[in-house]
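Worksheet: the structure to be examined is printed underneath.
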Amino acid sequence: MLLAFRASLPDLKGKEPPKRLLVAKWGKNESVRGPFTVNETTARMLPAVQRVLGFDTVAIDFEHNTVPGTPEYEKAPEPRHVAAHGVPRVIPGDGLYIEEIRWTPEGEASVRGGHHPDLSPAVKANDKGEVVLLHSAAMCRQGSCLDLQVFNAALTATQLQLYSATLSTSPENQNHAMNHKELLCLLLGLDAHTATDVQIADATKTFASRINSAIGVAGQVATFSATVDGLKTSLQALQTKLDTAEREALVAEALRDGKLVPHNAEIDKLSNAQFKAVLEALPAGIVPLAQRTPELVKTFSAPNFSAGGGGGNDATDDAVRRQLGISEDDWKKA
């Protein structure tokens with residue numbers, strides 16, 4: 001679990017972004033849900049824990065958007081925008097700082113504009129309230145972090161193993177064997193004063209099982225996603241063919257009704273439903289259907305060869321002969 005609280009932040013509006021920020025003062029830091037402490041334990045433990053968990057540098061983010069379990073984390077897509085990155089450092093007798101700060105353009109804009117006047121560090125503490133890890137710090141809008149907040153941001157299995165190993169080999173835990181157990185219970189969500197070794201072992205197995213299940217589900221999701229993508233492509237191709245066939249049928253029906261079918265780029269952009277509405281609004285009978293067959297050909301009848309000549313109507317025979325470019329002699333011979 002990570003704890004977030006409101007810390008003091010100097011008035012930076014219109015000023016150059018600082019290279020060093022105080023996260024928590026030395027000693028007891030008050031909050032509405034109880035105090036937490038930066039002390040000798042913090043000075044001994046925090047550097048090693050930061051190093052083994054890969055937090056040599058930490059983010060100064062916006063509204064805790066890099067902390068799993070927060071609303072902003074769920075809303076913010078990757079890559080997540082942060083205000084800055086810096087190095088956590090404990091100064092005995094002074095406090096917990098973020099130093100060597102490198103500001104992003106978004107962070108500089110926030111500082112100079114005074115958009116996020118509050119600073120809210122996210123830390124992990126033991127059951128005595130002693131800070132042992134700085135996860136990040138957040139630039140927040142006024143009033144957004146008045147209370148101590150608890151984020152359900154569990155460490156990964158690898159981080160848990162490294163964290164436990166670091167705690168077990170620290171000078172403090174070599175002298176006080178129970179500290180290791182207490183901090184492990186903190187990570188697993190157990191009461192360190194009442195949890196038995198069996199309960200701790202079971203909780204650890206459950207945690208590992210959930211991690212493995214999550215990995216398996218992630219693989220299944222990836223396979224399913226690839227299958228869905230393939231089906232989506234096939235369905236899109238089929239839909240395109242169906243749309244084309246439907247549009248051709250609409251045009252054919254309109255032509256049968258003698259409608260003057262429009263064709264232009266704007267018409268082509270219409271959906272089939274919109275195109276159908278346009279066609280239905282067009283007047284029928286604009287194009288004379290009778291004129292689609294050439295004159296004379298539609299009245300031509302087969303010659304009556306039984307009469308011994310060309311047969312049929314002489315005027316019609318003569319018109320057909322001229323249309324076909326056949327001489328009168330050839331016509332008679334045929």
Side-chain angles (χ1 to χ4, degrees), residues 1-9 20-60 64 67-69 86-99 119-138 145-156 159-195 200 203-204:
M1 307 289 283
L2 294 178
L3 308 177
F5 58 95
R6 182 181 181 184
S8 60
L9 185 65
R20 185 173 189 255
L21 282 175
L22 177 66
V23 172
K25 67 181 182 180
W26 185 261
K28 183 179 293 186
N29 291 259
E30 296 292 342
S31 75
V32 297
R33 296 190 183 178
F36 65 94
T37 304
V38 175
N39 58 12
E40 290 79 5
T41 299
T42 307
R44 285 194 300 269
M45 297 297 303
L46 188 138
V49 174
Q50 300 286 152
R51 183 175 61 256
V52 298
L53 296 187
F55 286 92
D56 294 310
T57 61
V58 297
I60 301 177
H64 297 293
V67 181
V87 178
R89 183 161 294 133
V90 181
I91 307 298
D94 190 354
L96 174 58
Y97 284 84
I98 298 179
E99 299 183 339
L119 181 69
S120 177
V123 302
K124 185 179 289 293
N126 59 21
D127 61 354
K128 297 178 182 178
E130 299 168 319
V131 175
V132 293
L133 170 70
L134 174 63
H135 177 278
S136 57
C145 293
L146 291 176
D147 296 343
L148 178 68
Q149 299 180 40
V150 182
F151 301 140
N152 186 19
L155 298 177
T156 65
Q159 288 177 328
L160 179 61
Q161 183 179 6
L162 293 172
Y163 188 27
S164 300
T166 302
L167 296 176
S168 64
T169 57
S170 67
E172 180 186 17
N173 285 321
Q174 289 176 357
N175 296 328
H176 304 283
M178 284 303 295
N179 284 346
H180 182 197
K181 175 182 176 181
E182 291 170 359
L183 290 175
L184 183 58
C185 287
L186 175 66
L187 292 173
L188 296 174
L190 300 176
D191 186 340
H193 300 291
T194 60
I200 293 174
T204 303

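Since we're looking at a predicted model, the values are computed, not measured.
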Closest non-hydrogen atom pair between [X] and [Y], with its separation:
X    : Y   : value
D56  : R51 : OD1-CA, 3.2 Å
L134 : L46 : N-CD1, 3.9 Å
F36  : A24 : CE1-CB, 4.0 Å
R20  : I91 : NH2-CG1, 3.9 Å
L119 : L22 : CD2-O, 3.9 Å

Nearest-0.5 Å distance that lies between atom [atom1] in [X] and atom [atom2] in [Y]:
X    : Y    : atom1 : atom2 : value
I98  : I60  : CD1   : CD1   : 4.5 Å
Q50  : H135 : CD    : NE2   : 10.0 Å
L96  : N39  : CG    : CG    : 11.5 Å
K124 : M45  : NZ    : CE    : 12.5 Å

Item to check | With sequence neighbours excluded, residues passing side-chain contact (heavy atoms from CB on, under 4.5 Å) with A195 | outcome: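 With sequence neighbours excluded, A195 shows a side-chain contact (heavy atoms from CB on, under 4.5 Å) to C185, L190, Q199, I200, given in chain and number order.
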
Checklist entry - Can you find a heavy atom in the side chain of T42 that is under 4.5 Å from one in the side chain of W26? => result no

Checklist outcome for this item: So the side-chain hydrogen bond (donor to acceptor under 3.5 Å, both in side chains) pairs with at least one residue in residues 86-98 (sequence neighbours excluded) are R89-E99, D94-Y97

Item to check | Non-neighbouring partners of E40 that pass salt bridge (charged side-chain N to carboxylate O under 4.0 Å, His left out), sequence neighbours left out | outcome: none

